[in-house]
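Heads up, the thing below is written out as structure tokens.
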Amino acid sequence: MSVQEMKPVKEGKVREIYDNGDSLIMVATNRISCFDVILKNEVTKKGAVLTQMSKFWFDMTEDILPNHMISVDVKDMPEYFRQDKFDGNSMLCKKLEMLPVECIIRGYITGSGWASYQKTGTVCGIQLPEGLKESDKLPEPIYTPSTKAEIGDHDENISYDESVEYLEKRYPGKGEEYASKLRDYSLMLYKKCAEYALSRGIIIADTKFEFGLDEKGLIVIGDEMLTPDSSRFWPAEGYEPGHGQPSFDKQFARDWLKANTGHDWTLPQDIVDKTIEKYLQAYRLLTGKELA
């Protein structure tokens, strides 16, 4: 008897989501996107690194907040998922009503935050001390939420007060409660995990969390957590403020694309190999294990 083929109900640049009745199956593919374009190459094992790293963090933070993970073992999923292409990179999850705010925590000043600070001394409206250098550690991590855009649009940074109004419109009577919980949980998760990562040789410069409501209306962590796709990971060794830092993510791919025209969104194999080595190195450092 042939296994019934399942089709994703939602497909992002890198993820596919399948409906499994009262649960979902999230598959992190080996696709890689840079500058909002899906490249023609696949990066072997990348999906497994993202899924297994999220599992690692979900397990570590259960004392702070529940998460949506049920299992990463394909034996717990419908038979269709017992193919090699799903093994290791698929997660069976609870269904949540996702809250429409991306919860961004910045522990260091870099990227768009650094550009904004140079102009105005602020990041997302938050006043920062004078004299910070690029990549400096901030005195305290800051919470800078944004709205979640549809695919193709850009997320919009909003202030904490705007996040209260934004959530109040969608959940009357709950705006303040949800906004403050999202902020507080995000900061607690970041502080615990960034401290652990630093002890393993990785600086988590910034990250984004996504949360949803479970069937009881409680806030739960959803989506992915603290992966090189949703965070900026820097090696602690050689960290030096005053300029950009090397990172454990798509930097090799981005740099090559910027430096070469006429590439047709295809990377040379050595750049693909260097990119996956960065993902695997981050996984090894954080978990102390090789990716199975």
Side-chain angles (χ1 to χ4, degrees), residues 12-15 33-37 65 96-171 174-191 193-194 203-213 219 221-234 241 244-245 247 249-251 254:
K13 288 194 282 285
V14 174
R15 282 193 168 59
S33 80
C34 291
F35 311 116
D36 284 338
V37 177
L65 195 66
L96 302 176
E97 182 184 341
M98 296 305 287
L99 292 165
V101 172
E102 297 219 314
C103 299
I104 298 160
I105 300 287
R106 302 168 194 260
Y108 292 72
I109 189 149
T110 182
S112 61
W114 170 241
S116 165
Y117 174 78
Q118 286 176 288
K119 284 192 198 116
T120 62
T122 65
V123 174
C124 300
I126 298 169
Q127 189 68 48
L128 293 177
E130 283 178 28
L132 291 176
K133 299 198 288 283
E134 183 178 3
S135 308
D136 257 336
K137 186 176 186 186
L138 297 173
E140 274 296 313
I142 57 173
Y143 173 65
T144 59
S146 78
T147 59
K148 268 194 224 178
E150 294 302 313
I151 285 187
D153 292 336
H154 286 291
D155 299 337
E156 190 186 333
N157 291 329
I158 51 176
S159 67
Y160 171 73
D161 290 342
E162 285 168 329
S163 79
V164 175
E165 286 167 37
Y166 188 71
L167 287 161
E168 182 64 32
K169 269 190 201 132
R170 287 154 183 80
Y171 300 95
K174 292 282 192 182
E176 179 71 59
E177 180 197 336
Y178 287 168
S180 64
K181 281 184 173 167
L182 292 184
R183 177 195 60 200
D184 296 349
Y185 287 144
S186 298
L187 286 163
M188 284 162 75
L189 291 165
Y190 174 81
K191 284 177 180 171
C193 298
I203 290 168
I204 302 175
D206 53 34
T207 193
K208 77 174 169 68
F209 299 109
E210 297 200 30
F211 299 90
L213 302 172
I219 293 178
I221 313 172
D223 200 57
E224 63 181 324
M225 182 173 178
L226 289 160
T227 70
D229 271 19
S230 67
S231 323
R232 242 182 274 245
F233 288 176
W234 297 337
Q245 309 296 310
S247 61
D249 61 5
K250 302 180 277 198
Q251 189 172 318
R254 285 195 209 98

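- Y108 places no side-chain N or O within donor-acceptor distance of the main-chain N or O of E134, the cut-off being under 3.5 Å.
- Listed by chain and number, the residues in a side chain to side chain donor-acceptor pair (under 3.5 Å) with T120 are T122 (sequence neighbours excluded).
- K148 places a side-chain N or O within 3.5 Å of a backbone atom of L99 that can act as its donor or acceptor partner.
- Between S159 and D161, the side chains place no donor N or O within less than 3.5 Å of an acceptor N or O (distance only, hydrogens not considered).
- The line from OH of Y143 to CG of L187 is 8.5 Å long, rounded to the nearest 0.5 Å.
- The distance from the CD atom of E102 to the CD atom of E156 is 12.5 Å, given to the nearest 0.5 Å.
- Without hydrogens or angle criteria, Y117 side chain to L132 main chain gives a donor-acceptor distance under 3.5 Å.
- Residues T207 and M225 fail the side-chain proximity criterion, which asks for heavy atoms closer than 4.5 Å.
- Residues I105 and K191 have side chains not in contact (no heavy-atom distance under 4.5 Å, counting atoms from C-beta outward).
- Using a 4.5 Å heavy-atom threshold, the side chains of F233 and S247 count as separate.
- S231 contributes no side-chain N or O that, together with a main-chain N or O of P228, makes up a donor-acceptor pair within less than 3.5 Å.
- Side-chain contact check for Y185 versus I221: every heavy-atom pair is 4.5 Å or farther apart.
- Of all the heavy atoms in S186 and C103, the pair that sits closest is OG-CB, 3.2 Å.
- A donor-acceptor pair under 3.5 Å links the side-chain atoms of Y190 to the main chain of I204, judged by distance alone.
- Counting heavy atoms from C-beta outward, I203 and Q245 have side chains that stay 4.5 Å or more apart.
- Looking at every heavy atom in both residues, P241 comes nearest to D136 through CB-OD1, 3.3 Å.
- Not counting sequence neighbours, the partners of P100 by the side-chain contact (heavy atoms from CB on, under 4.5 Å) test are Y166, L167, R170, Y171.
- A heavy-atom distance below 4.5 Å is not found between the side chains of W114 and V123.
- The line from OG of S112 to CZ of R106 is 4.5 Å long, rounded to the nearest 0.5 Å.
- A cation-pi arrangement is found for R183 relative to Y160, the charged atom lying closer than 6.0 Å to the ring centre and inside a 45° cone about the ring normal.
- L189 contributes atom CG, which lies 5.5 Å from atom CZ of F211 (distance to the nearest 0.5 angstrom).
- Distance check, rounded to the nearest 0.5 Å: CD1 of I142 to CG of L128 gives 5.0 Å.
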task = Go through the steps for L213 and I219 under the test side chain to side chain contact (heavy atoms under 4.5 Å, CB included), then give the verdict.
result = CA-CA 5 Å; L213 302 172; I219 293 178; 3.8 Å; yes

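- With hydrogens and angles ignored, the 3.5 Å screen pairs a side-chain donor or acceptor of K250 with a backbone N or O of S33.
- For the atom pair CD of Q118 and CD1 of I109, the computed distance is 8.5 Å after rounding to the nearest 0.5 Å.
- Across every non-hydrogen atom of C34 and R254, the tightest pair is SG-CG, 4.1 Å.
- Contact check for W234 versus S135: side-chain heavy atoms found under the 4.5 Å cut-off.
- T144 places none of its side-chain heavy atoms less than 4.5 Å from the side chain of N157.
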